[in-house]
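In what follows, a structure is listed as structure tokens, so that the remarks can point back to it.
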Amino acid sequence: MASYNALNSNNRNPSPYGSGDPYYNESSGFITPAPVRKRRISPWVKFGIPVLIIVIIAAVVGGVVGSRHHNNNSSSSSSDGSGGSSGGSAAAASSAASAKLAIGRFATATNSEFEVPLYPSTTNTGAFTTPTFISTNNSKVSWPQDPFKPSSPSVLSVRPDRPRLIAPAYKWNALPTLIASDPYLQGWNNTIFGNATAYYSLPPVVYHMDGSSGILDNAREIKMRLKAFAYVYRMTNDTKWVDRAWTEIQNAANNGTTPFGSDPTDLWNTGHFLDTAEFSAAFGIAYDWLYDMWSDEQKSQIRSTMIKYGLQPGLAVFTGPTNYGWWSNNIEGNWNCVCNGGLTLGSLAILEDDTTGVAQQLLGFTVDNAKKNCVLAVSSDGTWSETANYWYFGTTGHAEMTSALMTATGSDYGMLSTNPNLGLTGDFHMYAYGATSLFNYGDHGPNKFSTTANSMMFYAEQFKQPTYMLHQRDRPDAAEPWSMFWYDPTVSGAFWDGTPLDHFFDNQTDQWASMRSSWTDQDAVFVAIKAGTLQDHQTHNDLDVGDFVLDALGTRWAGELGSGDYLSPNYFSNDTQESDRWKYYRKMTEGQNTILINKSNQNVLAKPTVKHDTSGTTQGSSTVFTVPSDSTAYWTTDMSSAYFDAQSVKRGVRLLNARKQILLQDEVNAQGEVMWRMHTNATISVDTSGTTATLSLDGQKMVVQILNAPSGATFTQSAAVRFASDPTPPAPDQPNPNVNVLIIDLPAGSYTLEVLFNPQWPGMSSSDFVTPPSVALDSWSLTSHN
């Protein structure tokens, strides 16, 4: 979760866990148990998270921006929840709890560049074991059973006690004991208190209309604040938090000391309905979590504001017509999840108090609509169909909505089962995380604020996948109120134990691969590469078949430019071949790490095919992992259909030499000029032969070689700017400062380009590197390069 800014390279990162985190010292930064190599802040990623405002800026500045972050076997080590190697007894649960308290959090610090968890170099067999949920009745280490168990659940019949949304009273009652027994809950609780204290001193959120992006930032920041204020009140009974929440509510209702909104008839901006939905969710949470503290007059004001500006416009979407309800019709993406989710939370919060009947009517639409749209955004292999960053928005909306339905009414109504592949989406998120950051192809999205990856904890519990919970709990965005109620303290083990290093996602819309050398080493090799179709991604993708990213030595060498300016004219126009979207450098093929032919965009009707294999290497329990000498993985794609001026274009990538080296191979037969392109923040130095380039970044080096170079094949470099011959975009491109493009430029013809990446590992001599044999892509196998 990051604020991406390639221009402010000297910013020092605050703790991602917030000011209250026990692992953070306000004056000196992170306290680590052993020396950690310090590097300058990378210009790829700027993690600016003051008081844990979790954001992803819509990349209106340049930089090769990195961000971190199923088949049924991909988490094969995960238990079905009935217990694992630790057994299912109360004694085992007590032992596991003791181990957790003794160790504390597995991640004892965070890399200040990328906020990647840093793990101790050790194996603790009492804790670093097979992921599982330990069966126990011990109330000190597990949640009690929910007493609300309706025999015939209905969306119109809610639990009798408050709160009802996500965090029922029985969980609040149990929480202090669990906090005392669990270091993760302890740390998150401290952070939430620290953040609430910081928010308390700030003025109410200032209204800002951000063009076509509306007031979504305002809505999400207000939601974030209200969650924190309500949480701290319920943990302390200090009414100052209720008063501060009321100030924020009055502000967002345009009843504060300064104006909020430009149109009193459309205060929450229905034209950009995400805003409306997030305000509805924020008000619903505050109404419910602080229900006993509001006066009748305050409740009436909250209800009337929410109905007028949120729920009534939402009902009109389904009873319409309206000019803002497009998201309800065949939109399998984050918009549908967030909009239906916000309307559902708001409606459930006020259901029996609403004399207008709007909430009741609305609940008759939102659940069914979400099941027809939102839940289908997860592809058959678990991939989120938009981008790896939009996964955050969509799954947060889905998880909030589903969790609220379950706690308020006793059922998920098919939100978890309508798409049989929904439970695989945790694999997508885990494998999209590299050693430094996400495989962040396509658009990143607007500011995240209260949007996190804590849906991983919710899905872990619902789909009995402890690996997901163990992965997420060490991440900086875990420290917020949802995690306090979605986290299961009986989870035990290490997410990396038995988890394969490689995974291949084969759904035709999203074909991509994730390959690495370790789950716990910040210096690990990570390669991710994609093919897939170029349409049906909610217009958030790039023209990027064959695009890849590469991590090694704690830095990203080949990276993504990320979002363009969302306010640029026609940025989201459509995904047809002639769309203005594809005239912006960051979205066109030219701006990707792939093959460019005739300086032209790829064909939006492309239907690539892929092949792959892996040695199936898993890491084991230790954070210190020595890769077996025969461990490898490869992925190839025939992406000929993506090009207009080529008979054949194929690309493959494989890991060599115990995953210390990376080979990228292209086989091209083209009628237009051929250009191999890779974007990097590294400084590039090309040798006199032109076939070896040395990349320097963050005090590290990567040597890149053209093997068996075709005649005329040499490395050159340029800035990340468009060609003079490119079509003129509707608005000027954003600059991409400090980004270089490594290039191999060849005339039309038939070529095999073999490019070998050699990270300059400490202690590894030149003789330790291998020169692989030349093997045609169609003949690649696990042993073809031995």
Side-chain angles (χ1 to χ4, degrees), residues 1-5 13-19 46-60 67-69 115 166 188 191-192 194-200 202-210 213-232 244-245 248-249 251-252 260 268-269 272-286 334-335 337-339 341-342 345 389-400 443-455 475-484 563 566:
M1 316 289 287
S3 172
Y4 303 113
N5 186 337
N13 291 320
S15 166
Y17 297 106
S19 58
K46 290 292 148 300
F47 292 90
I49 314 184
V51 294
L52 199 61
I53 296 176
I54 306 298
V55 297
I56 285 186
I57 300 298
V60 295
S67 68
R68 297 189 304 163
H69 280 74
E115 293 183 351
I166 298 174
W188 301 336
T191 296
I192 297 168
N195 291 338
T197 300
Y199 306 151
Y200 187 93
L202 297 174
V205 172
V206 177
Y207 179 87
H208 173 67
M209 176 65 73
D210 188 16
S213 294
I215 51 174
L216 183 57
D217 286 358
N218 288 171
R220 285 181 168 152
E221 186 171 358
I222 289 169
K223 178 183 175 186
M224 176 183 66
R225 291 186 183 189
L226 290 176
K227 284 166 59 180
F229 296 150
Y231 176 89
V232 175
R244 182 61 183 84
E248 207 69 59
I249 288 170
N251 174 63
F260 189 90
W268 290 352
N269 193 34
H272 191 251
F273 204 84
L274 289 175
D275 315 0
T276 311
E278 291 283 43
F279 275 117
S280 299
F283 271 50
I285 293 163
N334 81 99
W335 268 80
C337 297
V338 172
C339 292
L345 264 64
N389 272 296
Y390 272 94
W391 175 94
Y392 286 88
F393 301 108
T395 60
T396 295
H398 173 269
E400 288 177 345
D443 288 338
H444 295 156
N447 293 339
K448 280 194 167 64
F449 290 101
S450 62
T451 303
T452 70
N454 286 330
S455 58
R475 307 293 148 170
D477 60 320
E480 59 94 33
W482 289 164
S483 62
M484 302 301 294
S563 301
Y566 278 23

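All values below come from the heavy atoms of this structure, side chains included, with hydrogens, waters and symmetry mates left out.
- The minimum heavy-atom distance between Asp443 and Asn389, with the atom names listed, is O-CB, 4.0 Å.
- Remark: Ile192 CD1 to Tyr199 OH distance equals 9.5 Å, nearest 0.5 Å.
- Not counting sequence neighbours, the partners of Ser483 by the side-chain contact (heavy atoms from CB on, under 4.5 Å) test are Trp188, Asn454, Met457.
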Exercise for the section: Could you check His208 against Asp217 for side-chain contact (heavy atoms from CB on, under 4.5 Å), going step by step and ending with a plain yes or no? Expected result: CA-CA 8 Å; His208 173 67; Asp217 286 358; 5.9 Å; no

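- Residues passing the side-chain contact (heavy atoms from CB on, under 4.5 Å) test with Cys339, sequence neighbours excluded: Phe273, Leu274, Ala277, Trp327, Trp335.
- Residues that satisfy the salt bridge (Lys or Arg N to Asp or Glu O under 4.0 Å) test with Glu248, not counting sequence neighbours, are Arg225, Arg244.
- Considering CG of Leu216 and NZ of Lys223, their distance stands at 10.0 Å, rounded to 0.5 Å.
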Exercise for the section: Test Val338 against Arg220 for side-chain contact (heavy atoms from CB on, under 4.5 Å), laying out the working first. Expected result: CA-CA 11 Å; Val338 172; Arg220 285 181 168 152; 4.0 Å; yes

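- Note that CG of Leu226 and CD1 of Ile285 are 8.0 Å apart. Values are rounded to the nearest 0.5 Å.
- Side-chain contact between Phe393 and Pro446: present, with at least one pair of heavy atoms (C-beta onward) separated by less than 4.5 Å.
- The minimum heavy-atom distance between Ile215 and Asp275, with the atom names listed, is N-OD2, 2.7 Å.
- Among all heavy-atom pairs drawn from Ala252 and Phe283, the shortest one is CB-CE1, 3.8 Å.
- For the pair Ser280 and Gly342, the tightest heavy-atom approach, listed with the atom from each and the gap, is CB-O, 3.6 Å.
- Of all the heavy atoms in Phe229 and Ala196, the pair that sits closest is CE2-O, 3.6 Å.
- For the atom pair NE2 (His272) and CG (Asp210), the distance works out to 9.0 Å, reported to the nearest 0.5 Å.
- With hydrogens and angles ignored, the 3.5 Å screen pairs a side-chain donor or acceptor of Thr396 with a backbone N or O of Thr452.
- For Tyr231, the ring pair (Phe, Tyr, Trp, His ring centres under 6.0 Å) partners are Trp172, not counting sequence neighbours.
- Distance check, rounded to the nearest 0.5 Å: CH2 of Trp482 to CD of Glu400 gives 5.5 Å.
- By the side-chain contact (heavy atoms from CB on, under 4.5 Å) test, Ala230 pairs with Trp289, Leu290, sequence neighbours left out.
- In terms of modelled atom types and a separation under 3.5 Å, the side chain of Tyr566 and the main chain of Gly445 share a donor-acceptor contact.
- The nearest pair of heavy atoms linking Tyr207 to Phe260 is CB-CD1, 3.6 Å.
- Among residues two or more places apart in sequence or in another chain, the side-chain contact (heavy atoms from CB on, under 4.5 Å) test is passed with Ala219 by Glu278, Phe279.
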